[in-house]
Structure formats: structure tokens, C-alpha cells
Number of protein chains: 2
Amino acid sequence: MKKKITIKQLAAELGVSVSTVSKSLNNSTEISQETREKVQAFAKFYNYRPNNIALSLKNKKTKTIGVIIPEVVHHFFAMVVRGVEQVAVKRGYNVLISLSNESFEKEVINMETFADSLIGGFIISPSKETLKKQDYHHIHQTIEEGMPVVLFDRTVPEINCDKVIVNDSQVAQLATQHLLDKNKKNILLLTTEDYISVGRLRTQGYIKALKLAGIPLENRLIIKTEDSKRSDIILPALESELKTALKENPEIDAILAVNEIYAAAAMRVIRELELNIPEDIALICFTDGVISKYATPPLTTVNQHGTQIGIEAANLLIDRLEQKDISEPSITKVVACEIVERFST
Amino acid sequence: MKKKITIKQLAAELGVSVSTVSKSLNNSTEISQETREKVQAFAKFYNYRPNNIALSLKNKKTKTIGVIIPEVVHHFFAMVVRGVEQVAVKRGYNVLISLSNESFEKEVINMETFADSLIGGFIISPSKETLKKQDYHHIHQTIEEGMPVVLFDRTVPEINCDKVIVNDSQVAQLATQHLLDKNKKNILLLTTEDYISVGRLRTQGYIKALKLAGIPLENRLIIKTEDSKRSDIILPALESELKTALKENPEIDAILAVNEIYAAAAMRVIRELELNIPEDIALICFTDGVISKYATPPLTTVNQHGTQIGIEAANLLIDRLEQKDISEPSITKVVACEIVERFST
DNA sequence: TATTAACACTACAACGTTTTCGTGACTAAC
DNA sequence: GTTAGTCACGAAAACGTTGTAGTGTTAATA
């Protein structure tokens, strides 16, 4: 086993001082061409690579960014991670990942652990529990301590930081319009409680589209799911609620689901009731993931461009890390999503 | 903005030495009860948290483990990450993630970046390209430098390190047997090229099951996919090849797919040919993910317990990091997978 | 009264870097 | 022959922490 070599060892080996080695490796003109070459050759031979920990300590900054998301086993978040990782590598940064598992406590703990100087800044999408509690002290504190934070997807107005969002409301309106265009007039909305910003915004878009089309808003056509914990608990409840709604309101001819999982649940119910997609009921949902792609029929979706969101977020964060002027105002980027038409509408 | 406070600043504030503060915070009996309490109160007031970078440098080890996987946007790998993260948090470690994107070069670069002292050890599933090239110098070198490595899923015999694998061959045999039990005798196998260990092993299990049942092995019933790059390129090719096979061999009454995506492709083809699942063709696949779960009909699958694999891998790695005796022999853990019967068989 | 022991604390080195500020040796100019 | 200037390199501090080895004071023992 050959342990990693340090500058000090290299210096001893070469019979020169530590400073000389350091300067040679950094190609300083202070050192003669000859010595530089010798040192560099030795360094290469011994496979010297600088100790990043020492560098971080010295420079008082790290080349690592922290990503805190509720889940990785979730297509959208995985896409975001991919995007973040992409630009991180390109710009010479590492990515530390932490999963809140939709739990407030875990989010806080993970954030504090990360903030202990391992990390330069955060990219976060808060857990549902955090949003419900509206307790953002950990995020505020991090910002207070001078670490930049970028919020994405689930955004919180009272936090002043860079944000990457999706034009949720607008595209939900578009999606609703898309259904109306297909001559579906009784659209059921499958959404989350309003404390989740994306759910709220999408609901707003839905409402706006109906209003514009002059269709009265029926509250019984909106199913809001509590959505607090794991999907294996809430899905059966959602399915039975939906089933009841469909039975009691046979005029329903379309469903707008706020995410893919809800759409999958909807499909299951529709199948059980022996209705056809899209003839009897059209279906459109957010999140353009594998479920929609490989479903029967493939679903029309709203592609949220998770990778793009990750890219924007990472760039925003790294820009912030590398900028001198700390007082630049916060930026909010909107990533436009688009409707991917398949066969469910 | 209140910057993070250091021991030195605390010491100045309190009018004692740095050592006293350090020892007080660590509750050393060397320091009087009184002083200890005072220091701790101050530390709490100023929200002191130790600088992990400095600790890492001092202790010559970090509390961070690196995970290198081909993709996050992939149910199985996401599950593994979840498992790793779970035990990492529990045991006080951080998780650094890197995506190879199935590229050899990216894998090597990322690994080298990570290895620059940020990380204590690695959990890796090599990229397809790496497996094809059979170039494992980067992994060997890392091990040489004394960093523990745990390989999972895609395993390589010539690397001597801890491993977490799935009893692929055995369970593929079981899956095949499952189809045979349903009275399906002409089973098509949708697999990868042999250089991917999981593909190879599953193929072996398939062959063994047929042999045991006394059914002759037909090479035209095995479709091996190159599978080198992104799925959007290989899937159409796979689909057309499969379609041809199904047309030319109408006796085929079952398909064993080596992963979910292949199964989804198979479903698409079956649908196009207007055949029924499972009556005309039964379908079973590896990876118990969202596609299988929400497909029509829901697919019978082999659950690989990704989370469990991640848990085992992380524990193996952290055990290795924390053990004194460096020369303990390598361990290979087998995580048993099981067949989840749904409606496609 | 002199020695020892306990106590409560401090000084300092070390981890691996970079960088500032020397410091000799040599050369060139006066 | 003195002074100034360049060149090539080294010493040391700093980043934040911990642990070892002091250090001075007081109390107990011989």
C-alpha cells in the first residue's frame, strides 16, 4: 500500500524546502526552470495530488456544494440532481447529497451537519413537513452565516435568496386549456394541499383556465391530498376518494394530476371502473417521468425539465460563491415547462 | 451576517487559552467544572460548531463517503443511494455523490477528484464502459492508496474488495421456473451483453432453469442488447429486434426481461402486435420499480432490494473505515432478491 | 521545613498547504 | 571597491483543531 505523498515528503526526497516544492508545482517564476521541472517530474512520479482538505482550511472555502432534497427515488428530484452534478463537475465542484425524507427534523439536522464547514452553499427543496410547519429558521440561519442558498421547485417567499422555479401556474393553465381544447369540460383536479407551493400554483392555473373558459368552478371536482408522508400510505386513500368522486360525478371527462404518482393512481381507478383513456376520461399530469412514458397509453404530461432546473440552480449557487460583491440582489429564474403530448388526451 | 465563530475567538472573548476552550468543549476533567460550564454556555450562545475541515485535516480522516453510480435517474440506483444515505446519517457520515453517466472517463475523473482527501472510502457500481474496457486501474489505485472500496451490483472478480451482490443467477433461475410453472415453455430472454455481470449471471440462471426442466436452449430466444449508451438510442433498436423475434417465433409465450426498461419496451411491442399479457405472453422482469408497479397490468418482478444493498454497502464501508486491523479479508454480502408476483404472469 | 501531589490551566506542535518576507550569492553599475 | 539589483531559494506564519508536555499555585505529607 502506497499512501498519498505530501509536499513535505516530496521536499525531503528532493532535498529542497517545502516552499520550493509548492512554488514549483504552481509554476512560480520565483523558482528556476530547472528545479521546477525536477520537482514536477518527481511529483508526477510519486503521483502527488494536493490535499483538498488542507486547501479548504487554508483558503477558508470548499469546492463542495450541498443538495438537500426530500427524496432521490423520485424522478423529478433525480433529474435535478443530475443537472446539478453536471455543472458542478464542469465548474470543479463536488456534490454532497442529503435526503430529508420529507421530514423537518432530518432536514434541519442534515443541514447543520453540512454547514459545519464542509460546504460552500446549498441547493434546497424543502420537505413537505417544513413547508407545513413554516419553520425556516435553519435556512435563515445558514444564510445569516454567509452561505449562499438556492431554493428550487418548492419555493418560499419569505426567504430572501436565489430561486429556481417553474412557471407552474401558467403551465397548469395551459394544461387545463389543453383538455378544454379536446372538448373536455368537466375536469377533475388531483392536487396537494395548498401549503405546497407547486400544488397551490397549479391549482391557481387550473382555476384561471376554467374562469377564462367561462366554466364555473366546482369544488367537488378538486381533490386535495394531505400528502404528508410516504406514498404507500396516501395512495390507497387517494384512490378510494377518487373512485367515489368518479362514481358520484359521472360527467367527469378529464383529470389533471399534479404529479405522476397521482396520475398512476388515477389510471388504476379508471381501469377498475372499466373506463377508457382518453375516450371516457382524458388524463394529463405533471412530471414527465418513466411512468408516463411507459404507461398504457403513454400519458400526456407537463415536462418540468428537472435537469435544467438543476443546471440553473447550480450555476446560480456557484456564481454566488465565486462573486466578490456579497450584496448582489437575489435572482429568481423561471424554467419554462412544456406540454408533452402523448396518447392520454 | 454573523460569521462562524472559532475556538480562538471564543478564547479571546473569555480571556482563557485556546486549549482551555477546546478541552472544556470536550468535557475534559482537566478543566474545572466552573470553567467548563462557562465556556460551554458561551459556545452555545455564539452558536459555536467545530470546523469539520480542520478536524479532518488533524485526524487525517474524513467523515465522508463517496458514492459513484452510473445514473441517479434510475430507480435501482436511487434506491441504493437512499440506503447508503440512511446508514451514513445514522453513523455520522456524509455522502458525496458522483455520476459516471456510464462513461469510463467521467468515472475516472470523478474518482480522482474525490480521492483528493475529501473522502474516506468509496461505494461504486462501475459504468458499462468501464466494464467493457475492463480497465480498473483507477479502482485498484484507490485501494492501493489505502482507501476502502465497496463494489455493488456490477461486480468485478479481479478487484479484491468488499462487495454487495444480489443472487442474480439463482433468482433468474427462479423467475424462469416461475414462468415454467405457469405452463409457459417458450421463454424469450431480453438481456444485456455478457460483460455486464448482472446480465451474464441472469442469463446463466435462465439457462440453468431450462436445462433442469429439460427444455432445449434456443439461441434465437435470447436477445442481447449492446446497451452501451443512453436508453433513448438503444430502445427503438431493441423494440424492432424483439418485434421481429416475436413474429418469426409465434410459439413464444413468455418474456424474461433483465430490467424494467426492457420490460416496458417489451410491453410496447406486445401491445403493438395486439397480444395480451399474460394470456398470450407472460412477462417478468428485474427491478421492482414504478414502471412495473403502475403498468397495465402491473408486472410481476424480481425485487432487488436496492435500499438493502445500499445499507449493506454503507455498513461494510464504514466498518472498514473504523476498524483498526487493515488486513481483514474482504467480505462479499449477498442480498437475496425475491419475486413479487403481480398480474403479468 | 522540604518534598511531593494534585489541580487548573497554558504553550506549542502538528495536520498539508500557500504566501509573505527574508537572505545569501552572484552580477552589474558607479 | 562599494553599492544596488537580480536570482533562487528558505523560514515562518496562517487556516482551526487537539493532545502532549509543561507551569505555576496550593495542599498534603514526611
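Reminder, nothing fancy here: chain letters follow the sequence lines and each chain counts from 1.
- With A:Asn51 contributing its side chain and A:Ile53 its backbone, the two residues share a donor-acceptor pair below 3.5 Å.
- As judged by a 4.0 angstrom heavy-atom cut-off over every strand, A:Thr6 is placed among residues touching the sugar-phosphate backbone only.
- Remark: B:Lys23, B:Asn26, B:Glu30 in residues 23-46 of chain B come within less than 4.0 Å of DNA chain D through at least one heavy atom.
- Between A:Lys8 atom NZ and C:dC15 atom C1' the separation is 8 Å, expressed in whole Å.
- Under the 4.5 Å side-chain criterion, counting only non-hydrogen atoms from C-beta, A:Glu112 is not in contact with A:His138.
- If you check residues 10-19 of chain B against DNA chain D, the residues with a heavy atom closer than 4.0 Å are B:Val18, B:Ser19, listed by number.
- The nearest whole Å value for the distance from the NZ atom in B:Lys58 to the P atom in D:dT17 is 12 Å.
- When atom types are taken as modelled, the side chain of A:Lys128 and the backbone of A:Tyr195 share no donor-acceptor pair closer than 3.5 angstrom.
- Shown here are the ring-ring contact (aromatic ring centres under 6.0 Å, His included) partners of A:Tyr136, two or more places apart in sequence or in another chain: there are none.
- Ring pair B:Phe76/B:His74 is perpendicular by interplanar angle, where above 60° counts as perpendicular and below 30° as parallel.
- Per the geometry, CG belonging to A:Asn59 stands 12 Å off C1' belonging to C:dG16, to the nearest Å.
- A salt bridge between A:Lys4 and B:Asp116 is present, with a side-chain N of the basic residue lying under 4.0 Å from a carboxylate O of the acidic one.
- The nearest whole Å value for the distance from the CD1 atom in B:Ile53 to the P atom in D:dT17 is 12 Å.
- When heavy atoms are screened at a 4.0 angstrom cut-off, B:Leu57 is found touching base atoms of the nucleic acid.
- When the P atom of C:dG16 is taken as reference, atom NZ of A:Lys3 falls 11 Å away, rounded to whole Å.
- The interatomic distance linking A:Asn52 (CG) with C:dT17 (P) rounds to 10 Å, in whole Å.
- Not one N or O on the side chain of B:Asp162 forms a donor-acceptor pair closer than 3.5 Å with the backbone of B:Val164.
- Rounded to an integer number of Å, the gap from A:Leu55 CG to C:dT19 C1' is 13 Å.
- As rounded to whole Å, 18 Å separates atom P of C:dT18 from atom NZ of A:Lys60.
- Looking at A:Lys133 and A:Glu107, no side-chain N of the basic residue comes within less than 4.0 Å of a carboxylate O on the acidic one, giving no salt bridge.
- Salt bridge status for B:Glu71 with A:Arg82: present, with a side-chain N to carboxylate O gap under 4.0 Å.
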